[in-house]
Asks: 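Below you will find the structure I want to go over with you.
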Amino acid sequence: MRVEVVGKGAVDLAGGSRYGDLVAQLGVPDVLAVAVGDRVLELFRPVEEGQVRLLTFADAQGRQVFRHTASHVLAQAVKRLYPKAQLAIGPATDEGFFYDILFPEPIGPGDLAAIEAEMAKVVAEDHPLRRDEVSRAQALADFERAGEPFKVHLIEALPEDALITTYNQGEFTDLCRGPHLPRTGLIKALRLTNVAGAYFRGDDQGPMLQRVYGTAFPSAAEMERHFFLIEEAKRRDHRKLGPELDLFSFHDVAPGFAFWHAKGLILYEALVGFSRSLQQPLGYQEVSTPWIFKTELWETSGHSAHFTDNMFLMESEGEAFGVKPMNCPGHCLLFAEATRSYRELPLKIAEYGPLTRRERSGTLHGLLRVRGMHQDDAHIFLASEQLGSVIEETLGLVDTVYATFQMPIEIHLSTRPPSRMGDDALWDQAEAALEAALGEERRAYVVDPGEGAFYGPKLDFVATDALGRRWQVATIQVDFQLPIRFELHYVDRDGKQKTPVMVHRAIMGSLERFIGVLVEHFAGAFPLWLAPVQVRLLPISEAERQAAGTVAKALREGGVRAEVDDRNEKIGYRIRAAEKEKIPYVAVIGQREVEAGTVAVRERGGKDLGTIAQGTFTRDLQERIASRWSGPSQLADTDGHGRA
RNA sequence: GCUGACGUAGCUCAGUCGGUAGAGCACCUGCAUGGUAAGCAGGAGGUCCCCGGUUCGAUCCCGGGCGUCAGCUCCA
């Protein structure tokens, strides 16, 4: 028979061949499985009709197969060490795999080493995997007898006509849909990382199992890199760096609300200033609206029905109030304050004020998940035919912002969900407008069918940071419903009242969250224009104190954030302190510099820029700040110290 | 919200088998007046998360609460 292999052309095979034979014939190394159409198949499966794609660890699907088998190795090792342990589910994840297990006695992190050692044995034994199709009755009987009630439960939950398969390796057999590696010996590097609680099927009324996490790689080197990135992420953790750099803090009595210290507020204000500078030319109006409203408003907006669990509610003089989690209802009231003409559209209303959401206590996470936040939020009221141009303009804002931070973005278009409000004609129009705007500039995007909000389709933006981590950041949402609920109208050219469409958009999103992401992206070493302290002046000795003060004053008057460190310490000590605070420039002033009217400039990271005339230094900095220059290079490792 | 672990100086952590506690860094003072990542010496700093219980005595043991962390769930 003849099959088509992606990238390799057509291949002739003997009848009865398996995919493993095909791979062997081609001599392609490191193939873990194959994809035929939308199915992923093991190498021991017989060759079928259809174009074949070879999967290695470089493919997401290949990694999936690899780590799924690793989870079976984990289960096998656990059953050897704890024969009474009951297995639930054990899938691969993006970063590794886990297995949910009910142990006879709860295990702790200290028990992982022994399990890991047993896993190494299973790998070394290099068991081939075998796939068996079994009848429902057979499967139920087998897992009943094996003392695996969770597996029995899973089988019972399968549809009547489902194909049930088991996978066997050595003495271990597991209920599993597959697919898997052909042999356990391919797993060259694995490590168990963590054990945590998890409910069976996510049901918090059900039994609490223990989820054992691990990861696996085809080589030790790849695993090393993985753990290096994890260490690097830990080093950059904004929850640690933020307080260390004196940017913000949290207090027990205000969980989920940040204290912005002076330096952190500089960052915050710089971002808001950036946002304003981009939006003002586009005709945005900035407003400030109330932050507590009577429940009546939340009834109208639909928040009482859909968002009340996430709101702080209160009562005063017998009246119920809610603290605003979003600006949109207030902006609708603002729109309705006057009779609006089509001439005013699109009307762009921006607000940076505080928003409060009652996030559950267990979900709070530094600045990334807070209860009190500020967004670079805006609502655009428009005539439906303006949708395309508004979206395009807003895409431009997203581009500018993420280019400035050197973060690539990926666009997701979420289309109509099964349960939705509004005419399909409106949905057609809105989805078409979003697609047209994206197509206009030939942008790549991913469609997430059915993932839109119930009130309209949306664009979500995912940014990638310096460590390759992905963060959902900006959003552009089309909304037909709120204008209807608030009975908003404008008078059109023909004198008739029409209902506007509303676009909700946030470019940085929650500024709290965004700053959290930036701290980690830049490892706390912010580009010059954002740095809370941009220059620190270091007089060599007491004799230059006054000169340093004069230069600092001139810099500050020129709009540069400069300060003097004239502490009674040696220059090396103060240089080190400035480096640890990740200040972009240090300017040293000694006898020579005072006489020449210069400063000796050192860039963050240790680069010596030599002596520069004081006036030139100020002008250079002013230019770089004004242009939001992204240096000094901050995306690489900026610790620069103690690393070979 | 649920499960588990944790909560000692500003930070990182030690310690007390129940008798009210210590180091390094940071901070302050003095000496040293310094040239690109830690000069020397001294000092100050603690409600051992909070409330209750057991005990002659609780930072330590027990219960409850709050918070943080890791997950789950939720949200998107």
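None of these values were measured; they are calculated from a predicted model. Residue numbers begin at 1 in each chain, while the letters A, B, ... track the order of the sequences.
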Asks: Taking the same atom, C1', in B/G7 and in B/U59, what whole-Å distance lies between them?
Replies: 11 Å

Asks: Look at atom CZ of A/F259 and say whether more than 12 heavy atoms of other residues, nucleotides or ligands are closer to it than 6.0 Å.
Replies: no

Asks: Separation of A/R211 atom CZ from B/G4 atom P, in whole Å?
Replies: 16 Å

Asks: By nearest atom, which of the nucleotides B/U36, B/U68, B/A37 is closest to the A/L364 side chain?
Replies: B/U68

Asks: Using a heavy-atom cut-off of under 4.0 Å over every strand shown, decide if A/R360 touches base, sugar-phosphate, or nothing.
Replies: base

Asks: With rounding to whole Å, what would you report as the distance between B/C56 and B/G18 at their C1' atoms?
Replies: 12 Å

Asks: Any base atoms under 4.0 Å from A/H251, or only sugar-phosphate, or nothing? Heavy atoms, all strands.
Replies: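 Touches nothing.
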
Asks: Quantified in whole Å, what is the C1' atom distance between nucleotide B/U68 and nucleotide B/G15?
Replies: 22 Å

Asks: Taking OP1 and OP2 of B/A70, is either one under 4.0 Å from a side-chain nitrogen or oxygen of A/R239?
Replies: yes

Asks: Looking for any heavy atom pair under 4.0 Å, which part of the strands does A/R357 touch: base, sugar-phosphate only, or nothing?
Replies: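 A/R357: no heavy atom of the nucleic acid under 4.0 Å.
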
Asks: Would you confirm whether A/R574, through its side chain, and A/P539, through its main-chain N or O, come within 3.5 Å as a donor-acceptor pair?
Replies: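 Side chain of A/R574 to backbone of A/P539: a pair is present.
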
Asks: Which part of the nucleic acid, if any, lies within reach of A/I540 when heavy atoms closer than 4.0 Å are counted: base, sugar-phosphate only, or nothing?
Replies: base

Asks: Is the phosphate of B/C40, meaning OP1 or OP2, less than 4.0 Å from a side-chain N or O of A/Y573?
Replies: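 So the side chain of A/Y573 is outside the cut-off, no N or O lying under 4.0 Å from OP1 or OP2 of B/C40.
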
Asks: What's the gap between B/A14 and B/C25 when it is taken at their C1' atoms, as a whole Å value?
Replies: 15 Å

Asks: What is the distance, rounded to the nearest whole Å, between atom CD of A/E579 and atom P of B/C25?
Replies: 21 Å

Asks: Between B/C61 and B/G45, how many Å separate the two C1' atoms, rounded to a whole number?
Replies: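 Their C1' atoms lie roughly 30 Å apart.
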
Asks: Identify which one of A/V478, A/D479, A/T415 satisfies the side-chain contact (heavy atoms from CB on, under 4.5 Å) criterion when paired with A/P457.
Replies: A/V478

Asks: Provide the Watson-Crick or G-U wobble partner of B/G67, both distances under 3.5 Å; none if there is no partner.
Replies: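 B/G67 is paired with B/C6.
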
Asks: Quick one: label A/D460 by what it contacts on the DNA or RNA (base, sugar-phosphate, nothing), any heavy atom closer than 4.0 Å.
Replies: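 Nothing, no heavy atom under 4.0 Å.
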
Asks: With both distances under 3.5 angstrom, what nucleotide forms a Watson-Crick or G-U wobble pair with B/G22?
Replies: B/C13

Asks: Do the side-chain N and O atoms of A/Y455 and A/R485 include a donor-acceptor pair separated by under 3.5 angstrom?
Replies: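 Per modelled atom types, A/Y455 and A/R485 side chains form no pair under 3.5 Å.
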
Asks: Starting at atom NE2 of A/H365, determine the distance to atom C1' of B/G67, rounded to an integer number of angstrom.
Replies: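 In whole Å, B/G67 C1' and A/H365 NE2 are 16 Å from each other.
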
Asks: Base, sugar-phosphate, or nothing for A/Y213, non-hydrogen atoms under 4.0 angstrom?
Replies: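 It contacts sugar-phosphate atoms only.
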
Asks: Can you tell me the distance, in whole Å, between the CG atom of A/L209 and the P atom of B/G71?
Replies: 17 Å

Asks: With P as the reference atom in both, quote the distance from B/C40 to B/C17 in angstrom, rounded to an integer.
Replies: 36 Å

Asks: Which value, in whole Å, describes the distance between the P atoms of nucleotides B/U20 and B/C60?
Replies: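 Those two atoms are separated by 14 Å.
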
Asks: How long is the line joining CG of A/D252 and C1' of B/C51, in whole Å?
Replies: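 Those two atoms, CG and C1', are 15 Å apart.
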
Asks: Closest nucleotide of RNA chain B for A/D608 versus for A/E359: which of these residues is on the 5' side?
Replies: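 Closest to the 5' end, via its nearest nucleotide, is A/D608.
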
Asks: Could you pull out the closest heavy-atom pair between A/F248 and A/H238, with the gap in Å?
Replies: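 It is CZ-O, 3.3 Å.
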
Asks: To the nearest Å, how far apart are A/Y455 OH and B/A76 P?
Replies: 8 Å

Asks: Taking only Lys NZ, Arg NE, NH1 and NH2, and the carboxylate oxygens of Asp or Glu, determine whether A/E581 and A/R604 approach each other closer than 4.0 Å.
Replies: no

Asks: Between the base of B/A37 and the side chain of A/R602, is there a donor-acceptor distance below 3.5 Å?
Replies: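 Yes.
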
Asks: At under 4.0 Å between heavy atoms, what does A/K240 touch on the DNA or RNA strands: base, sugar-phosphate, or nothing?
Replies: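 Nothing: the residue A/K240, judged by heavy atoms under 4.0 Å, touches no strand.
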
Asks: Go through the structure and list residues passing salt bridge (Lys or Arg N to Asp or Glu O under 4.0 Å) with A/E231, not counting sequence neighbours.
Replies: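 Expected list: A/K234.
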
Asks: Strictly below 4.0 Å: does A/R369 bring a side-chain N or O up to OP1 or OP2 of B/C75?
Replies: no

Asks: Nearest whole Å is fine: how far is B/A76 P from A/R505 CZ?
Replies: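 After rounding, the gap between these two atoms is 20 Å.
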
Asks: Under 4.0 Å, heavy atoms only, any strand: does A/R574 hit a base, just the sugar-phosphate, or nothing?
Replies: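 Since no nucleic acid heavy atom lies under 4.0 Å of A/R574, the category is nothing.
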
Asks: Check the distance between B/U3's P and A/F98's CZ and give it to me in whole angstrom.
Replies: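 Roughly 20 Å, once rounded to whole Å.
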
Asks: For a quick check of understanding: with a heavy-atom distance under 4.0 Å over all strands, which category does A/G590 fall into, base, sugar-phosphate or nothing?
Replies: base

Asks: Touch check for A/E544, heavy atoms < 4.0 angstrom, all strands: base, sugar-phosphate only, or nothing?
Replies: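 Since no nucleic acid heavy atom lies under 4.0 Å of A/E544, the category is nothing.
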
Asks: Across all strands, who's sitting opposite B/A58 as a Watson-Crick or G-U wobble pair, both distances under 3.5 Å?
Replies: none

Asks: Please classify the nucleic acid contact of A/A600 as base, sugar-phosphate, or nothing, using heavy-atom distances under 4.0 Å.
Replies: base

Asks: With nearest nucleotides of RNA chain B determined for A/E569 and A/P255 from heavy-atom distances, which residue corresponds to the more 5′ nucleotide?
Replies: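 First, find each residue's nearest nucleotide; the 5'-ward one identifies A/E569.
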
Asks: Which nucleotide wins on minimum distance to the side chain of A/E593, given the candidates B/C72, B/A37, B/G35?
Replies: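 Nearest to the side chain of A/E593 among the choices is B/G35.
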
Asks: Which part of the nucleic acid does A/R567 contact within heavy-atom distance under 4.0 Å: base, sugar-phosphate only, or nothing?
Replies: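 Sugar-phosphate, no base atom in range.
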
Asks: Quick check on A/E95: does its CD atom have over 12 non-hydrogen neighbours (other residues, nucleotides or ligands) under 6.0 Å away?
Replies: no

Asks: Rounding to the closest angstrom, what is the interatomic distance between B/C28 and B/U47 at atom C1'?
Replies: 24 Å

